[in-house]
Each structure stands twice: as C-alpha cells, then as structure tokens.
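Quick note: numbers below take in every heavy atom, side chains included, and nothing from hydrogens, waters or symmetry partners. To find a chain, count down the sequence lines: A is the first, B the second, and so on, and within it residues start at 1.
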Protein chains: 2
Amino acid sequence: MRRGRHDAVTTQVNGGPHVVVIGGGFGGLTLVRELARARRRGRLRARITLVDRHNHHTFQPLLYQVATAGLQPQDVGISLRAILRRHGIEIRLGTVTGVDATRHVVTLSDGSELAYDRLVLAVGAITEDFGVPGVAEHAFGLKSLPEATTLRNELLRRFEEVSADRARSDDGTLTFVIAGGGPTGVELAGALAELVDLVVRRDHPTLDLERVRIVLVEPRAQLLGGFSARSGRAALDGLRRRGVDVRLGVGIAGVAADHVELTDGEVVPTRSVVWAAGVAASPLAAALGVELDRGRRVPVDDHLRVRGLDDVFAIGDLAAAIGADDRPLPQVAPVAIQQARHVARVLVDEAAGRPTRSFRYRDKGAMATIGRAAAVAELPGRVRLRGLVAWVAWLLLHLLMLVGFRNRVAVLLSWVWNYATYDHSARLILDQREAATAETARGPVPRSWAV
Amino acid sequence: MRRGRHDAVTTQVNGGPHVVVIGGGFGGLTLVRELARARRRGRLRARITLVDRHNHHTFQPLLYQVATAGLQPQDVGISLRAILRRHGIEIRLGTVTGVDATRHVVTLSDGSELAYDRLVLAVGAITEDFGVPGVAEHAFGLKSLPEATTLRNELLRRFEEVSADRARSDDGTLTFVIAGGGPTGVELAGALAELVDLVVRRDHPTLDLERVRIVLVEPRAQLLGGFSARSGRAALDGLRRRGVDVRLGVGIAGVAADHVELTDGEVVPTRSVVWAAGVAASPLAAALGVELDRGRRVPVDDHLRVRGLDDVFAIGDLAAAIGADDRPLPQVAPVAIQQARHVARVLVDEAAGRPTRSFRYRDKGAMATIGRAAAVAELPGRVRLRGLVAWVAWLLLHLLMLVGFRNRVAVLLSWVWNYATYDHSARLILDQREAATAETARGPVPRSWAV
C-alpha cells in the first residue's frame, strides 16, 4: 500500500519497565490512560501493553439495553485501538491463560508468552452459577456484547415463533425468567417489560400479550440488596406496576431446556432464562496459585499488590480489596476505576522513589433504572433520589461514564429517539450462523466461529 | 402484561384474496407497501402476508461498508415489523422451501404450510460460484448482514494476528483477494484500501503496510462490465491509485484454506477471499418445477407471471424477465422495484376487472463508488459523471433509497463522521461464538446458532 496522509504513532518507549495490563474494562482502560498521561508529562518512563480478549471496551452497565433492543451493540462497544490510538499503548488481542510470576511472563491461549516487569490483572468477573444445575447449559449471561446480542436475538425470536403459531400457549415460549434482583436483573426486567409493552404490542398486533410473563426471582427479601429498603421497595413497586412477576425469597433450584425449577418447588415452563444472580472472579485468579477468598477473588495488600506475587497487581472485580468497614469492596465499576488510578499512582511514585498513601475507596453511591422516567439513586450523604429526577441523573451519569465522544452521541440519539417514539429500533435478529447457510449455495463456515 | 397505551393495529382484512409475498428485499418490500396503499385507498381488498428468512430488510448496496467497518450493521438493516407496522401486513419469519401451485400452498423449513390465493416470489439471488472448487468452503460472501459482519470480523482479525506476531510476512495473512470486478467487487476493494490506509495505519502503527495486498480479480478485460469503457477505466485508475492490485482477464481457478489459484496459474497465498463474482437465482426457483433459464432464473410472461403456474408471480433477481433489447434484465434493485410496482398494478387491475399494460423496464442508469470523493455514474441520456460529483450523487441516491428515517439519519451521521475524521468507527469484532466460551464459567451454547 502507498504511504497515506497519516504517519504512524510510535508506541515503543525505550527504557523504563514494561507494564502489562490484562483486561480493557473500566479498570484496565482507566489505568493505561493514566499511565500514558503520566508518561506524556514525563513522570513515568514505561512501555505499556494492554491485553484483552475483545478488540473493544464493553460498557457493561448498558448491556441490558442492547439485549432489549434499545441500543445498538456498537453504541456500548468502543474499539480499544480507537480509544488508545493517541496514547502510544501497545494492544494485544488475546486471552491470558496463566501467569508465571517467577519468570515474569503471562501465557496466552494461542500458546505465546508475553514478558512483563509490572503486571496488572484487571480481567473482571464471570457469571457465577453457584452450582445450580443447568445454568451453564441453558441460561443466558449478560456480561459481554456477544452475550447481549445472543440474548436479544433469542428474545425477539420468541415473539416471532408465537406469531408464526409455532408455540402453544402453555409451553413457556413467552415466559422470561430473570434470576437475580440486583441492578442487572432489575434493569433488565424493567426494560424487557417496556419492550413488550411498547414495541412487541405494536410489532405483533395479533399476539395475546396476556400470555407474556416476566418473572424476576430474588432469593433475598428485597430487590437491589446493596440499596436501602426504601429503594428496594421503589424498584419492587415500579416493576410490579410494569407487569413483572417479582418473586422475593425464592431462588432457582435448577434450569432445564424448557423450564426452571424454583426453590419453593414451583416449575416454570420457559426457554428464556437470564442469569443475573451473581458474578465470580475470572478463572485466571485460580491460575495464580495464591489462596483466594470466598468469591474466588485475589487477596491484595493496601496498594493492590497480589499477596505473595512480586510486581503483580490486581484491580476491579478480580481483587479482594477490603473496605473501611473491613468487608470486601463491591464488584462495581467505581471500585475498579479508583483502584486503577491508585495503581497508576503507585507506579509513578515508585519511579520517583516516593511512598504512596494506601488505597481508600470513596463510595460514590449507586443507581438503578426501572424504566421510562423511573430509577432509584443513592448518593453519598444519604441523598436518595427516585422517579424522574433519579432517572435523569442516571442518564447523565452513564453518558459521562461512557467512553468515546461518538458513542456518547450515538447513545444520546438512541435514547432521545426511543423516548420520543416509544420505539426500540435496534430489534434486528442478527445471527452469524445464518451466514453459513442462507445466502450461499453451500455456504462457507464463517471462520470467525469455526476456530 | 397490563394493557399499554397502544392499541393493536388490525391486520386481518376480511374478504379479498390472500396475497403472499416471499422475500422482504427491494422487490418484496416495495410490493407489500404498494398493495397496502391500494388497500387503504379502497382499490384493493386483500389479506397481505410477507414471509422472510430475516426479521429485517437488508439494504444490500451498502453491505460492503459494513464489511469494511464504515457502517454499523443496524444502519443498513431495518426491522420489517417496524417498517410495515402501520400497513396492517402480516409478517412471517421463515424460510420457504417449496411451492405447491396446484394446492396453492407454500411450505416452510419448519414444516408448516401457508395457503395463498396469489403468490409473489421475490426471494432474490444467492452467491454463484460457477463450480469453482473451494468457494463455498473457503470464500466469504457479501449478500446478507450476517455475511457482512462475519467478513468484517475476519478482516479486522487479520491485522490483530499480525500485530500479535502470529503471522509470517509471506503467509498471505495480509493478502485480501476479491473475486469479481463488478460494482460490489470494485466498491469493496476501494473501501478496503481506504480502511487500510486511513484506519489500520493508525490502529496498528507497528504494522508494515507494505505487507498488505488487495488483489481484485476480473476475468473480463474491464472493470464494471455493465458500464462504459470510460467508467471502467476510471474505476481501474482509481483503485490502482489506492494501491489495489487489479488483475484483468484473470479468473479464480480454485480457492483453498490458505491460497487461491488464478486461471493464469499463479498461486496467491491468502486466507481472505471475498466472492463477488456472480449471483444465481435462489434455489427456490429449482423447486418450482418449471424450466429455468441459464442463470437458473424463473421465466415470466410480460406481466411477471411464472410461465406454467397459475397465480404465481416472480420479480427481482429471481425472475428472467426480458428487456426491450431481448436480453434478460440485470439483477439489480431498480428492476426489482419497478417489477414490484407492476405486480401491484396487475393485482389492483385484476380486482377492478381492468387489463394492465405489459411491464416495461426503464433503465435509470448505474453508479459505483471507488472511494472518498470518487465514483462513476451513468445516467439515462448518456449522462456520465465521475469523481466528486458522481460521489455526491451516489451518496444522495443511496440515502434516498435507504428505507426508514432513522436509518437515513444514522447512515448520514456515520458518513459525515467517517469523512470528517478519516475514521471507521464500526470496527468491532463481535463474534457470537465468544458468548459461548468467554464470559461464563462453562458457557451455554447460544441457542441462536445451536439450532
């Protein structure tokens, strides 16, 4: 190819340690940007490499809106190379399978190795099934864009199946079970109820919506466990008003292809179970060879160094950091972001031969949206917001947290459109499977998932 | 679910024939909208059903921009239920496998049947491999959104592989072969060259772009066969200026997993072959039991009725309609759209007991874009445009042809953004395969492609 109008950014920085960051989520992304900034300001000399399984950062708080066709996948996924282009950070697409702290190398799933001087693990969490049988085989997760689009395709397909008379009224095709009454479960239940009420009602005029059941199952006595009882009740009222069948004090005993069994013995026919009941630290934690806590998280000291491993840090959902109340910090984005800033500070101070103050987490509160103009927010100083004001605060905060100007614009436009038209325009069933069968005479196996 | 603020649109129209349209492409979509309009105006009594394999209309002319990360999949895919919501048209998601013209039923892949009084086949075309070995197994098609996103994922992954040092310089990982120098091949080659020159150059600063090869293979002596020789030369110059290796008078003899063999004997190492060399009528044509033409298209009379079948029409890429020059009409959107309008007219006249004038195709010309501010256009009256003016005309025409206000806005914004920033922001690798493995402990098989 001829030379173009753009010159290559140099990513090699001679001298200084090689800092390898695993995971491009809130923690990892914040960290590499902080490090790059420090490097630009001459406060750090380092080669910085970010490794991620995906080529994009996923804005997980809005995945449920992708799953309910309110947002396009690309609205909440941002190319890592696009975000970090000007920061001179090396990016490596790959899955880390192990860490050899003695040799200072990480191993990737393709068998290759990557040497580091400082390693920061920010690989986040995976869906935790608590050993409930059938979850892994039959339930949908909601932790990545591919999971979100897969769920969206299935939800939309259920209504098509019924419209095509391929489902009996009692076979659970229109029953959607959401396991877990935390923010993810609550927000998904609310969004799904509105998808049915605002979109499916008009898309499938011959469909009897009385057949649609959305069941939200929460083992504890209140929704939004981390929130106040009042916020929990507000969420409960809001969801019930939207027709969601909320079951408190009930868990999932087992998931099968065509039904779920609840802990109270009830069997609910369904082919659509979403597992939002819990997360566990990435399996990578187990590969470290250090002793893990109950949530299989990695114990860290008050500078987020992994106990027992030199030059290895852990932040975010993976790290078992202890808060001021001596309890492990929650597995939420603000923790990961604050921990990322701390590790950046540690590495800069280390270069300057300065000590660093211990990490302390500042709780910024929590929010969850229930539906149109309905949300709950709990801010520091016992400030509690509900309804429209909480919803607007939620919208603004998420727009600010979202990475990338273009994505902010895209999400804002989608929200304005959806709100104004009562529509969810992202309701496309896009299965790459179809690429293998439908359009070509015999059809290639798309290599992207033939690996 | 409680009743919402929207009342169901009634889709059942008592009395009148049941008109079943197979295929929601340019032809089928135009037809059902024309019929619905005639029904609203009281000029037709009919029940109208549209059957499609996808739940969305695909704007095929822009698929190459999805494959090169210039547009989001949702920009060029529009929910059929969203478009047709207010038209009172029944929509059936399914694949038609056969037609029984004596019993007046179509059979679907799920085994169910659908009865019709009038049937219109608008199922379009599939990729034609002309019997070249390996095409079906190893080449990528570009006729649907799933194919386009699969191709995009693979193209982007190639550069990641090289950046991760998982490719030797001579193994063809950065060689992209496009078979076919028609509009699709030319537009894809130009867009891919710009993706490399404008985006990859900045995303992968350590990558030696001298290693990137884009080879466009066209058996005939000129590009854009349907166009004038001058336009063909303009496309040739434009692509070569962009670094595309254009091979005229050469075809593909065979495709393998790691190379292609050209008809001149040369073997080109590559794992990325895009087949844009030809289309053939849908396999459904063969299932009709009538004699087909060379392109396996369905012979129709001058009212687009399938010869030998009562009450069955065929339009678009599927139909072997003869033009004024006694040659079969090209398999392009304008033909399908004009034929759809004609069949609507026939059905309305039939209801009124009026005769209909025979179908005559009005050639509106042809356009192809080569890259930024570069295109060729040939309009009626031998009006030939090139360069910026042709490009602007191309942009405007495609915006107008695009269905759905929201999609027009989205595409326009994407184009403005890409043009202003020299960026292609849709470069996400989104494989649903990952949903099965990456994010959950053991991982469910996403049902969407486990069927």
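To the nearest 0.5 Å, atom CG of residue A:L428 and atom OG of residue B:S79 are 6.5 Å apart. Here the CD1 atom belonging to B:I91 is positioned 8.0 Å from the NE2 atom belonging to A:H204, to the nearest 0.5 angstrom.
For A:F159, no part sits under 4.5 Å from any heavy atom of chain B, backbone or side chain. With a 4.5 Å cut-off on non-hydrogen atoms, A:I78 touches chain B through its backbone but not through its side chain. With a 4.5 angstrom heavy-atom cutoff, A:D423 touches chain B only via side-chain atoms. In this structure, the portions of A:V199 lying under 4.5 Å from any heavy atom of chain B include both its backbone and its side chain. Within the 4.5 angstrom heavy-atom criterion, only side-chain atoms of A:N55, from C-beta onward, approach chain B.
Residues B:Q74 and A:L430 are in side-chain contact: their nearest non-hydrogen atoms beyond the backbone lie under 4.5 Å apart. The side-chain heavy atoms of B:R406 and A:S414, taken from C-beta on, include a pair separated by under 4.5 Å. Taking the side chain as every heavy atom from C-beta outward, A:L93 and B:I429 approach each other to under 4.5 Å.
Shown here are the side-chain contact (heavy atoms from CB on, under 4.5 Å) partners of B:T58, two or more places apart in sequence or in another chain: B:H56, B:Q60, B:L63, B:L145. Take B:H424 and apply the ring-ring contact (aromatic ring centres under 6.0 Å, His included) test, not counting sequence neighbours, and it matches no residue.
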Review point. Run the side-chain contact (heavy atoms from CB on, under 4.5 Å) check on A:L413 and B:L413 step by step: do they pass?
Key: CA-CA 11 Å; A:L413 289 178; B:L413 288 177; 3.4 Å; yes
Practice item. Test side-chain contact (heavy atoms from CB on, under 4.5 Å) on A:V200 and B:R81 and set out the steps. Key: CA-CA 9 Å; A:V200 174; B:R81 293 190 183 276; over 6 Å; no
Practice item. I would like to know whether A:R92 and B:E160 meet side-chain contact (heavy atoms from CB on, under 4.5 Å); could you show each step before the answer? Key: CA-CA 7 Å; A:R92 175 74 175 266; B:E160 296 292 344; over 6 Å; no
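Across all their heavy atoms, A:R85 and B:D203 have their closest contact at NH2-OD1, 3.0 Å.
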